[in-house]
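Quick one: the structure is below, questions incoming.
Because the structure is a prediction, the values reported are computed rather than measured. Letters go in sequence order (proteins before strands), and every chain restarts at 1. Any value given below was found using the heavy atoms of this structure, including those in side chains, with hydrogens, waters and symmetry copies removed.
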Amino acid sequence: MSSLELYDTRSRSVNSFVPLKKGEVSIYLCGATVQAPPHIGHIRSGVNFDILRRWLTKSGYNVTFIRNVTDIDDKILQKSVTEKMPWWALAQKYERTFSQAYESLNVLPPTYEPRATGHITQMIDLMATLIQRGAAYAPGNGDVYLEVRKLTSYLTLSRQKLDDLLPADDAEEKFKKDPRDFALWKGAKAGEPSWPTPWGPGRPGWHLECSAMAHAYLGESFDIHGGGLDLIFPHHENEIAQSESAGYGFARSWMHNAWVTTSGEKMSKSLGNSLQVTELLKHVRGIELRWYLGSAHYRSMLEFSPAALEESATSFRRIESFLHRATEIIGHIPTPKYSKAFADAMNNDLAVPQGLALIAESLRLGNSAITAEDKKTIENSANEIRGALEVLGCDPFDPSFGLSQSGDLTAALDGTIQLALAQRAAARDRKDFAASDAIRDGLSALGITIEDTPQGPRWSVSHTEER
RNA sequence: GGUCGGGUGGCCGAGAGGCGAGGCAAGGGACUGCAAAUCCCUCUACACGGGUUCAAAUCCCGUCCCGACCUCCA
């Protein structure tokens with residue numbers, strides 16, 4: 001089997017993945033700033049990195065996966081005014097919406113999910129280190145800045161030149177040695193939350209929390225730092241600046257997921273509710289939304305449209321339907337075993353689209369085998385498909401999707417439907433097709449689909465929007 | 001202005017010098033009482049203009065268009 005290669009944003013190249021510690025992988029993913037409910041762009045990031053994590057785990061690594069929650073920042077404070085609730089209540093409210101969205105899409109909970117406000121002590125320690133090392137300064141207004149001119153490696157992730165940047169137009173600029181210096185810490189303003197520090201009361205700037213928390217949970221160096229493309233600058237540059245100035249090795253490689261776009265444009269919060277996860281889950285199931293979000297390569301833009309989502313869901317249901325039929329024929333749930341070709345695709349910088357083509361091939365073979373009543377091929381195909389779906393987090397047999405039926409109820413339902421099917425069979429035998437079709441239509445209206453197969457009729461619960 | 005992505009068939013979406021990924025949709029066929037499901041077949045591509053090469057969607061030059069970041073961003 002090939003070995004894993006991943007694209008690294010900093011070197012702009014695909015490299016062999018070699019972890020810091022043999023058999024272990026440490027990942028820090030920038031999670032949500034909890035100031036609004038998630039739209040599918042936010043969750044795509046979660047799904048993409050969840051696939052990475054699952055693949056690493058399948059490949060035999062012990063993965064430590066940190067995804068933070070930024071629960072204090074300018075936007076949260078602004079929204080607490082407009083939504084008329086305390087900033088901490090607002091943050092908690094939206095954090096829950098993110099958690100629910102992740103759960104609906106079967107994004108595994110991180111190993112640890114630290115909140116910024118729980119790590120003020122670590123942030124103060126980090127600032128003290130930075131000031132002591134001469135990298136940061138506190139001009140006396142309560143702010144603490146990082147002095148970017150002193151850094152030789154600043155902006156190496158985004159490959160920009162300091163002098164080419166448009167300078168920020170902060171009100172505090174007079175306290176900065178250079179207008180491009182950024183705030184590690186913001187001095188307290190009236191009505192805003194603050195924490196005491198040696199430099200006066202204040203609150204964290206945007207970037208400090210990630211450096212502090214990555215250090216707290218992953219140590220001075222770790223394997224992979226991830227996030228959305230738009231975090232490259234300034235957020236990740238500033239994390240690098242803070243952490244490297246403190247003497248840490250920090251992230252050895254960087255991975256960034258692309259956006260979900262609409263009409264070629266990046267999603268923004270001004271688009272309203274239609275692209276929120278909860279809204280889309282009214283039209284497709286979580287497993288289908290996940291399948292859609294994971295289907296494009298993580299570094300490619302995904303062009304959203306309701307039709308594209310619906311088509312993707314249709315395509316997933318075909319696969320799912322095969323797995324259920326295969327289960328009935330082979331007499332047990334397929335054993336997940338992804339193919340070598342699938343592993344090669346995943347090892348190639350997570351080439352999920354190639355993996356999907358392989359699933360389609362297995363599906364065709366498997367369906368043909370059902371017609372040919374070739375049990376061995378049916379089982380092989382089903383095993384390979386389930387193995388691949390498991391890596392993608394889209395295994396229909398995964399109880400996380402809430403599909404674990406309560407056995408008694410299923411048996412009762414099956415018995416009831418079998419009664420109806422017996423009536424239908426009798427009607428068909430006497431060529432009373434009006435009666436037999438009425439039974440099928442009646443069941444269909446209840447969301448039960450009847451299909452006639454060479455092995456007799458089978459029923460399934462339909463998942464289409466018409467249900 | 002600086003930095004960075006794109007433009008592939010009706011739609012989504014891979015590929016990155018040589019055999020037309022794949023899916024969805026569409027048309028035809030097989031199967032079926034009819035459906036559904038499934039299988040088989042078919043069709044429509046690489047923004048434009050040059051160049052390099054035996055060979056270019058892929059490399060180079062130019063042009064047009066779209067988008068992202070430049071201290072709120074997944």
Margin query: Just the rounded figure in Å: distance from C1' of C69(B) to CD of Glu237(A).
Written below: 11 Å

Next item on the list: Using the P atom on both, measure C46(B) against A56(B) and round to a whole Å.
Entry: 14 Å

Checklist line | Arg318(A) side-chain N/O to G22(B) phosphate OP1/OP2 under 4.0 Å | finding: no

Check: Nearest 0.5 Å, what's the CZ-CZ distance between Arg10(A) and Arg159(A)?
Finding: 10.0 Å

Checklist line | Ser315(A), nearest nucleotide to its side chain (from G23(B), G33(B), C69(B)) | finding: G23(B)

Check: Are OP1 or OP2 of C34(B) and a side-chain N or O of Lys431(A) less than 4.0 angstrom apart?
Finding: no

Next item on the list: Record whether the side chain of Asp163(A) comes under 3.5 Å of the base of G2(B) through a donor-acceptor pair of N or O atoms.
Entry: no

Checklist line | Atom pair distance, as rounded to whole Å: OH in Tyr94(A) and P in A74(B) | finding: 14 Å

Next item on the list: Just call it for Gly41(A): base, sugar-phosphate, or nothing, with non-hydrogen atoms closer than 4.0 Å on any strand.
Entry: base

Checklist line | Gap in Å between the two P atoms, one belonging to A14(B) and one to G49(B), rounded | finding: 26 Å

Note to self: If you only use heavy atoms from C-beta on, which nucleotide in G13(B), A25(B), A74(B) is closest to the side chain of Trp259(A)?
What the structure shows: A74(B)

Note to self: Taking the C1' atom in each of C66(B) and U8(B), what is the distance between them to the nearest angstrom?
What the structure shows: 15 Å

Check: Any side-chain N or O of Arg364(A) less than 4.0 Å from the OP1 or OP2 oxygen of C40(B)?
Finding: yes

Check: Taking a pair as Watson-Crick or G-U wobble with both distances under 3.5 Å, which nucleotide is matched to U52(B)?
Finding: none

Check: Starting at CZ of Arg159(A) and ending at P of C4(B), how long is that distance when rounded to a whole Å?
Finding: 7 Å

Checklist line | Check against ring pair (Phe, Tyr, Trp, His ring centres under 6.0 Å), Phe250(A) and Phe222(A) | finding: CA-CA 6 Å; Phe250(A) 208 50; Phe222(A) 54 94; 5.2 Å; yes

Item checked: Phosphate contact (C31(B) OP1 or OP2) by Thr371(A) side-chain N/O below 4.0 Å -> no

Item checked: Upstream residue (5' side of RNA chain B) when Asn348(A) and Ser368(A) are each assigned their closest nucleotide -> Asn348(A)

Checklist line | Selection from A74(B), U71(B), A21(B) that lies nearest to any side-chain heavy atom of Ala357(A) | finding: A21(B)

Next item on the list: Measure from the side chain of Ala308(A), starting at C-beta and using heavy atoms only, and say which of C12(B), U71(B), A74(B) lies closest.
Entry: C12(B)

Checklist line | Side-chain N,O (Asn257(A)) to OP1/OP2 (A74(B)) below 4.0 Å | finding: no

Margin query: Output the rounded distance in Å from CZ (Arg180(A)) to C1' (G2(B)).
Written below: 11 Å

Check: C1' atom, A57(B) versus C39(B): distance in rounded Å?
Finding: 32 Å

Next item on the list: Return the 5'-most residue of the pair Gln354(A), Asp452(A) with respect to RNA chain B, ranking by each residue's nearest nucleotide.
Entry: Gln354(A)

Next item on the list: Starting from P on A68(B), measure out to CG on Leu229(A) and report it in whole angstrom.
Entry: 12 Å

Item checked: Nucleotide nearest Pro234(A) (side chain, heavy atoms from C-beta), chosen from G33(B), U71(B), C24(B) -> U71(B)

Margin query: Would you compute the distance between atom CE of Met267(A) and atom CD of Gln276(A) and round it to the nearest 0.5 angstrom?
Written below: 11.0 Å

Check: Is the number of heavy atoms from other residues, nucleotides or ligands under 6.0 Å of Glu328(A) CD greater than 12?
Finding: yes

Checklist line | Carboxylate-amine/guanidinium contact Asp395(A) Arg54(A), below 4.0 Å | finding: no

Notebook entry, point to check: C43(B) and C34(B): how far apart are their C1' atoms, nearest whole angstrom?
Noted result: 29 Å

Check: Rounded to whole angstroms, how far apart are CG on Leu77(A) and P on C72(B)?
Finding: 14 Å

Item checked: Proximity to the side chain of His39(A) - top-ranked nucleotide from A68(B), A74(B), U71(B) -> A74(B)

Item checked: Nearest-Å distance for atom pair CD/P, residues Glu361(A) and A14(B) -> 20 Å

Item checked: Whole-Å P distance, C48(B) and G7(B) -> 13 Å

Note to self: If you go through the side-chain atoms of Gln160(A), does one of them form a donor-acceptor pair with the base of G2(B) closer than 3.5 Å?
What the structure shows: yes

Notebook entry, point to check: With rounding to whole Å, what would you report as the distance between A16(B) and C59(B) at their C1' atoms?
Noted result: 10 Å

Notebook entry, point to check: Which value, in whole Å, describes the distance between the C1' atoms of nucleotides U53(B) and U38(B)?
Noted result: 46 Å

Notebook entry, point to check: Under the 3.5 Å rule, do the base of G5(B) and the side chain of Arg299(A) count as making a donor-acceptor pair?
Noted result: no

Next item on the list: Could you check how far CZ of Arg44(A) sits from C1' of A74(B), rounded to whole Å?
Entry: 10 Å

Note to self: I need the Thr449(A) OG1 to Arg440(A) CZ distance, nearest 0.5 Å.
What the structure shows: 10.5 Å

Next item on the list: Could you grab the distance from atom NE2 of His225(A) to atom CD1 of Ile240(A), nearest 0.5 Å is fine?
Entry: 8.5 Å

Check: Any side-chain donor-acceptor pair under 3.5 Å between Glu384(A) and Asn380(A)?
Finding: no

Next item on the list: Look at the side chain of Arg440(A) and the base of C34(B), then say whether one donor and one acceptor between them are separated by less than 3.5 Å.
Entry: yes

